[in-house]
Amino acid sequence: MKKQILALFFFSIALFFSACDSSKPKNTASNQILNVGIEPTYKPFDYKENSKLTGFDVDLLDAIAKDLNISINWVEMNFDGLIPALKTGKIDMIASAMSVTEERKKSVDFSNTYYMTKNLYIKRKDDISLKTKDDLVNKKIGVQLGTLQENAAKNIKNATVEANADLNVAILALKNKKIDAIILDKDVAKGYLEQNPELNSFFEEDDGSSGFSFAFDKDKQKELIEKINTTLEKLKQNGTYENLLIKYQLK
């Protein structure tokens with residue numbers, strides 16, 4: 001009798017712990033949390049409004065996450081620190097207007113392209129010496145650190161390139177005549193030109209990339225990338241993507 005009671009006791013204990021274990025959240029797609037790196041000074045793609053993170057990239061990935069039933073934990077950092085953070089596992093992906101290049105593809109995987117853009121060159125309106133890209137020889141050029149625009153500036157003969165993590169630093173330097181021009185993304189430039197009427201654009205070119213995409217550590221997230229690509233296409237078909245382009249004045 002004692003043996004039966006003891007067996008029943010241990011059986012009850014086993015059932016209790018089994019029930020507790022079944023109540024724990026499993027690491028499935030339905031409750032997966034992704035740490036996503038972003039550099040929030042790149043309006044209209046990534047920026048803050050009333051201290052809240054917003055922008056085209058933010059809304060687009062939020063829509064994708066909702067469709068896939070996953071959660072996003074945004075991790076803010078400088079743009080040039082995004083890929084290193086991805087490689088060391090501090091973040092799971094990048095959603096920060098990152099352009100696809102052959103060089104970057106050596107160390108990261110990309111989703112399908114979600115936006116195409118160009119480089120825009122801006123100057124002070126009162127500087128009549130700058131009319132084309134060729135006029136920047138021997139000039140000082142401001143860019144955001146780690147961007148394709150930094151590479152474009154470095155390819156200009158004898159140009160002095162001043163790279164900063166925040167484009168606002170470059171804008172201030174240009175207005176104070178400490179540099180001669182800035183190269184930046186065309187769509188990002190719109191907001192800066194609206195806020196600074198003493199500046200204007202003088203040259204435009206392709207940025208040499210395959211457009212903006214979400215980035216992931218090499219060979220680590222193949223299944224997730226496929227799911228994101230499928231959902232991205234779905235959002236283009238159902239009008240969500242189009243509405244976001246209109247919301248952020250990207251068309």
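Sequence positions, counted from 1, serve as the residue numbers for this chain. Here the structure is a predicted model, which is why all the values come from computation and not from measurement. Computed over heavy atoms, backbone and side chain alike; hydrogens, waters and symmetry mates excluded.
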How many angstroms lie between atom CG of Asp185 and atom NZ of Lys190, to the nearest 0.5 angstrom?
-> 9.0 Å

Got a sec, which residues hit ring-ring contact (aromatic ring centres under 6.0 Å, His included) with Phe110, two or more places apart in sequence or on another chain?
-> none

Do you know which two heavy atoms are closest between Val137 and Asp134, and how far apart they sit?
-> CG2-O, 3.3 Å

Which atom pairs, donor and acceptor, lie under 3.5 Å between side-chain atoms of residues 146-153 and protein residues at least two apart or in another chain?
residue, atom, partner, partner atom, Å
Thr147, OG1, Gln144, O, 2.7
Thr147, OG1, Gln149, N, 3.4
Thr147, OG1, Gln149, OE1, 3.3
Thr147, OG1, Glu150, N, 3.4
Gln149, NE2, Asn119, OD1, 2.7
Glu150, OE1, Gly146, N, 2.7
Glu150, OE2, Lys154, NZ, 3.2

Any pair counted as ring-ring contact (aromatic ring centres under 6.0 Å, His included), so long as it reaches residues 43-73, sequence neighbours left out | Phe45-Tyr115, Phe45-Phe212, Phe56-Tyr241

What residues, two or more places apart in sequence or in another chain, satisfy side chain to side chain donor-acceptor pair (under 3.5 Å) together with Gln237?
-> Glu233

Please output the side-chain donor-acceptor pairs of residues 159-172 that fall under 3.5 Å, not counting sequence neighbours, one pair per line with the distance.
residue, atom, partner, partner atom, Å
Asp166, OD1, Asn168, N, 2.9
Asp166, OD1, Asn168, ND2, 2.9

Any link between Ile38 and Ile91 through a network of hydrophobic side chains (Ile, Leu, Val, Met, Phe, Trp, Tyr) touching at under 4.5 Å?
-> no

Between the main-chain N or O of Asp219 and the side-chain N or O of Asp109, is there a donor-acceptor pair closer than 3.5 Å?
-> yes

Partners meeting side chain to side chain donor-acceptor pair (under 3.5 Å) with Lys131 (sequence neighbours left out) | none

In chain order, what residues pass the side chain to side chain donor-acceptor pair (under 3.5 Å) check against Tyr42, with sequence neighbours excluded?
-> none

Joint hydrophobic cluster, Leu245 plus Val58, side-chain heavy atoms closer than 4.5 Å = yes

Hey, any chance Leu136 and Val143 share a hydrophobic cluster, counting ILVMFWY side chains that come within less than 4.5 Å of each other, even indirectly?
-> yes

By side chain to side chain contact (heavy atoms under 4.5 Å, CB included) - contacts of Asn238 (at least two apart) = Lys234, Leu235, Thr240

Shortest non-hydrogen pair, Leu86 vs Asp217, comes out as CD2-N, 3.4 Å

Backbone of Asp92 reached by a side-chain donor or acceptor of Asn35 within 3.5 Å = no

The residue among Lys118, Lys133, Lys186 that forms salt bridge (Lys or Arg N to Asp or Glu O under 4.0 Å) with Glu205 is Lys133

Linking I/L/V/M/F/W/Y whenever their side-chain heavy atoms sit closer than 4.5 Å, directly or via other members, would Trp74 and Leu82 fall into one cluster?
-> no

Is the closest basic N to carboxylate O distance between Lys123 and Asp180 below 4.0 Å?
-> no

ILVMFWY cluster membership beyond Ile128 - transitive side-chain contacts under 4.5 angstrom | none

List for me each residue that meets side chain to side chain donor-acceptor pair (under 3.5 Å) alongside Glu226, sequence neighbours excluded, and say none if there are none.
-> none

Quick one: side chains of residues 193-200, donor-acceptor pairs under 3.5 Å with protein atoms, not counting sequence neighbours, listed by atom name and distance.
residue, atom, partner, partner atom, Å
Asn196, OD1, Lys175, NZ, 2.8
Asn196, ND2, Tyr192, O, 2.8

Side-chain hydrophobic cluster, 4.5 Å single linkage: members besides Ile246 = none

